[in-house]
Q: 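First the structure, which I've put down as structure tokens, then a few questions once you've had a look.
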Amino acid sequence: MENELHNFIKVWILAIISLCYCFYISSKLPKGIFKPFSLTPTIIFFLYLPLTVSSVHLVGITAFFLSWLANFKLLLFCFDQPPLSPPPSNLFHFIFLASLPIKLQQKTSSQNKSKPPQRSILFAIKVLILALLYHCYNYKRNLHKNVVLAMYGVHIYIELELTLALAAIPARAMFGLEIEPQFNEPFLTTSLQDFWGRRWNLIVTSILRPTVYYPMRRISTRLVGSRWTSLPAIITVFVVSGLMHELMYYYVTRVAPTWETTWFFILHGVAVAAEVVVKKVVPEKMRLHPVVSGALAMGFLAVTAVWLFLPQLLRNGVDEKAIGYCKLMDLLKGLLTF
């Protein structure tokens, strides 16, 4: 475990050095093909770095932050697109913005105020639920398989949200940077389109829009016209998301992909596109009530997740590693004494 911690620290030192290179080299090059050519080695390097870490928690963070988010931001940077372009004047701002799911945002009087009590209460409740899940895992052999799967799904959601909330603390304190919200109460969703576009994994959504959705929409406008131009773009976004999830799964499991996860996202892409079609042709007064459509969406998500999204993780024992709470605590203690 100590060796794993050392590898994790080395990975992020190398990542910071690579981002320093990107920051300085970009200021020396003219616009055009030179910038993509000069940044390509860093993008390839970020795809390699997670392979040097094996701990589920550490490799998950590294792969998500570097191989997915940072690489997509660098791809946009190659073509002078936000969020890294125009580059911040401060190198540390650039590093934080590139490597973490954050946005540059000036503090206002409203932001300096304490969080509303409701949000703090929700945060505390989620911490308690996560602690309860860890306790319940001790009795998982006595629980039905589907109950365990449901527990694991809630576990993934809460742990990711709490991890990103903790990651916000140094960025906010040191530079006044705000972490993009990763989730927007997904259990209140009213449809699949609402779930994927406005409630779940908002960091990835904000990155996939400029890198995949908008370019594909411009292309599809010429092919299918403006009325249906969003449909090919939506499906393409879900295909790319599925492929990136396969890559994340590979980093965590080190097993060849089975493409179940890709099919999960293709299925949801087709479902969201169908939902968009229905909303265009069916008058609003004839549509399902949001409570009913939301319940159907959550049911569809649960069934397809158990069918296609979770099996690859469970087959490779990722759930057992992820719920190894004592091991994670040992790792954190090692970090504090390093």
Side-chain angles (χ1 to χ4, degrees), residues 64 68-69 72 101 149-150 153-154 156-157 160-161 180-249 257-313:
F64 180 55
W68 191 336
L69 295 182
F72 273 57
L149 287 173
V154 175
I156 292 174
Y157 157 52
L160 183 56
E161 186 173 20
E180 291 277 4
Q182 183 72 14
F183 299 97
N184 180 24
E185 311 304 346
F187 46 84
L188 298 178
T189 188
T190 59
S191 65
L192 286 176
Q193 187 181 13
D194 178 53
F195 179 86
W196 290 114
R198 291 180 286 272
R199 295 192 180 275
W200 184 268
N201 222 343
L202 300 181
I203 304 298
V204 171
T205 300
S206 66
I207 290 296
L208 288 176
R209 281 196 183 106
T211 53
V212 182
Y213 180 79
Y214 294 144
M216 189 62 197
R217 182 163 181 151
R218 286 193 291 268
I219 295 172
S220 60
T221 299
R222 306 169 189 170
L223 302 176
V224 299
S226 59
R227 179 172 173 78
W228 306 110
T229 186
S230 64
L231 303 184
I234 289 171
I235 295 175
T236 303
V237 166
F238 277 89
V239 171
V240 172
S241 181
L243 294 175
M244 290 306 300
H245 276 83
E246 293 284 1
L247 180 62
M248 299 299 106
Y249 276 26
T258 60
W259 308 113
E260 291 164 292
T261 306
T262 300
W263 281 112
F264 169 84
F265 282 96
I266 291 174
L267 178 61
H268 277 262
V270 172
V272 171
E275 191 176 276
V276 170
V277 173
V278 170
K279 289 179 179 179
K280 286 181 178 291
V281 300
V282 177
E284 186 173 357
K285 62 181 180 180
M286 296 180 62
R287 299 175 191 170
L288 295 174
H289 191 278
V291 174
V292 177
S293 60
L296 291 174
M298 293 302 293
F300 181 74
L301 281 159
V303 171
T304 53
V306 171
W307 176 30
L308 295 171
F309 188 79
L310 294 175
Q312 187 176 352
L313 293 176

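All values below were derived from every heavy atom in this structure, side-chain atoms included, with hydrogens, water molecules and symmetry-related copies excluded. What you are looking at is a predicted structure, and each value in this text was computed from that prediction instead of being measured.
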Q: Looking only at heavy atoms, which two atoms of Glu260 and Pro311 are closest? And how far apart?
A: OE2-CB, 4.0 Å
Q: Verify, without hydrogens or angle tests, whether Thr211 (side chain) and Phe72 (backbone) share a donor-acceptor contact under 3.5 angstrom.
A: no
Q: Considering residues, nucleotides and ligands other than Trp263, do more than 12 of their heavy atoms fall under 6.0 Å from its CH2?
A: no
Q: Report the C-alpha distance between Leu310 and Ile156 in whole Å, list the side-chain angles of each, state the deciding distance to 0.1 Å, and finish with yes or no for side-chain contact (heavy atoms from CB on, under 4.5 Å).
A: CA-CA 11 Å; Leu310 294 175; Ile156 292 174; 4.2 Å; yes
Q: To the closest 0.5 Å, what do you measure between CE (Met244) and OG1 (Thr261)?
A: 13.0 Å
Q: For the atom pair CG (Leu188) and CE (Met298), what is the distance rounded to the nearest 0.5 Å?
A: 9.5 Å
Q: Tell me, do Leu202 and Asn184 make a side-chain contact under 4.5 Å, heavy atoms counted?
A: yes
Q: I'd like to know if the side chain of Thr189 reaches the main chain of Phe195, judged simply by a donor and an acceptor atom lying under 3.5 Å from each other, with no hydrogens or angles considered.
A: yes
Q: Between Leu288 and Leu296, does a side-chain contact (heavy atoms from CB on, under 4.5 Å) hold up when you go through it step by step?
A: CA-CA 10 Å; Leu288 295 174; Leu296 291 174; 3.7 Å; yes
Q: How long is the gap from CG on Leu223 to CD1 on Ile219, to the nearest 0.5 Å?
A: 8.0 Å
Q: Looking at Arg287 and Lys279, would you say the former's side chain and the latter's main chain have a donor-acceptor pair under 3.5 Å?
A: yes
Q: Measure the shortest side-chain to side-chain distance between Trp228 and Lys280 over non-hydrogen atoms and say whether it is less than 4.5 angstrom.
A: yes
Q: Leu243 versus Thr262: any side-chain heavy-atom pair under 4.5 Å?
A: yes
Q: Just jot down the ring pair (Phe, Tyr, Trp, His ring centres under 6.0 Å) partners of Phe264, sequence neighbours excluded, or say none.
A: His268, Phe309
Q: If you take all heavy atoms of Leu69 and Pro101, which pair is closest and at what distance?
A: CD1-CB, 3.7 Å
Q: So do Phe238 and Val270 actually touch side chain to side chain, heavy atoms under 4.5 Å?
A: no
Q: Are a donor atom and an acceptor atom from the side chains of Ser220 and Thr229 found within less than 3.5 Å of each other?
A: yes
Q: Looking only at heavy atoms, which two atoms of Gly269 and Ile234 are closest? And how far apart?
A: O-CG2, 3.9 Å
Q: Please walk me through it: do Thr304 and Phe265 pass side-chain contact (heavy atoms from CB on, under 4.5 Å)?
A: CA-CA 10 Å; Thr304 53; Phe265 282 96; over 6 Å; no
Q: Show the nearest heavy-atom pair for residues Glu246 and Trp259, with the distance to one decimal.
A: OE2-CA, 2.8 Å
Q: Does either side chain, that of Arg217 or that of Tyr213, offer a donor lying less than 3.5 Å from an acceptor on the other one?
A: yes
Q: Indicate the atoms forming the closest heavy-atom contact of Leu231 with Ala273, along with that distance.
A: CD2-O, 3.6 Å
Q: Heavy atoms, side chains only, cut-off 4.5 Å: are Trp196 and Val272 in contact?
A: yes
Q: Is any side-chain heavy atom of Pro257 less than 4.5 Å from a side-chain heavy atom of Tyr249?
A: no
Q: Taking the side chain as every heavy atom from C-beta outward, state whether Ser241 and Leu208 have any atom pair closer than 4.5 Å.
A: yes
Q: Judged by modelled atom types alone, do Gln193 and Ser191 share a side-chain donor-acceptor pair under 3.5 Å?
A: no
Q: When rounded to the nearest 0.5 angstrom, what distance separates CG in Leu301 from CG in Leu192?
A: 5.5 Å
Q: Please examine the side chains of Glu185 and Phe183, heavy atoms only from C-beta on, and report whether any two atoms are closer than 4.5 Å.
A: no
Q: In terms of the angle between their ring planes, are Trp68 and Phe64 parallel, tilted or perpendicular, with boundaries placed at 30° and 60°?
A: perpendicular
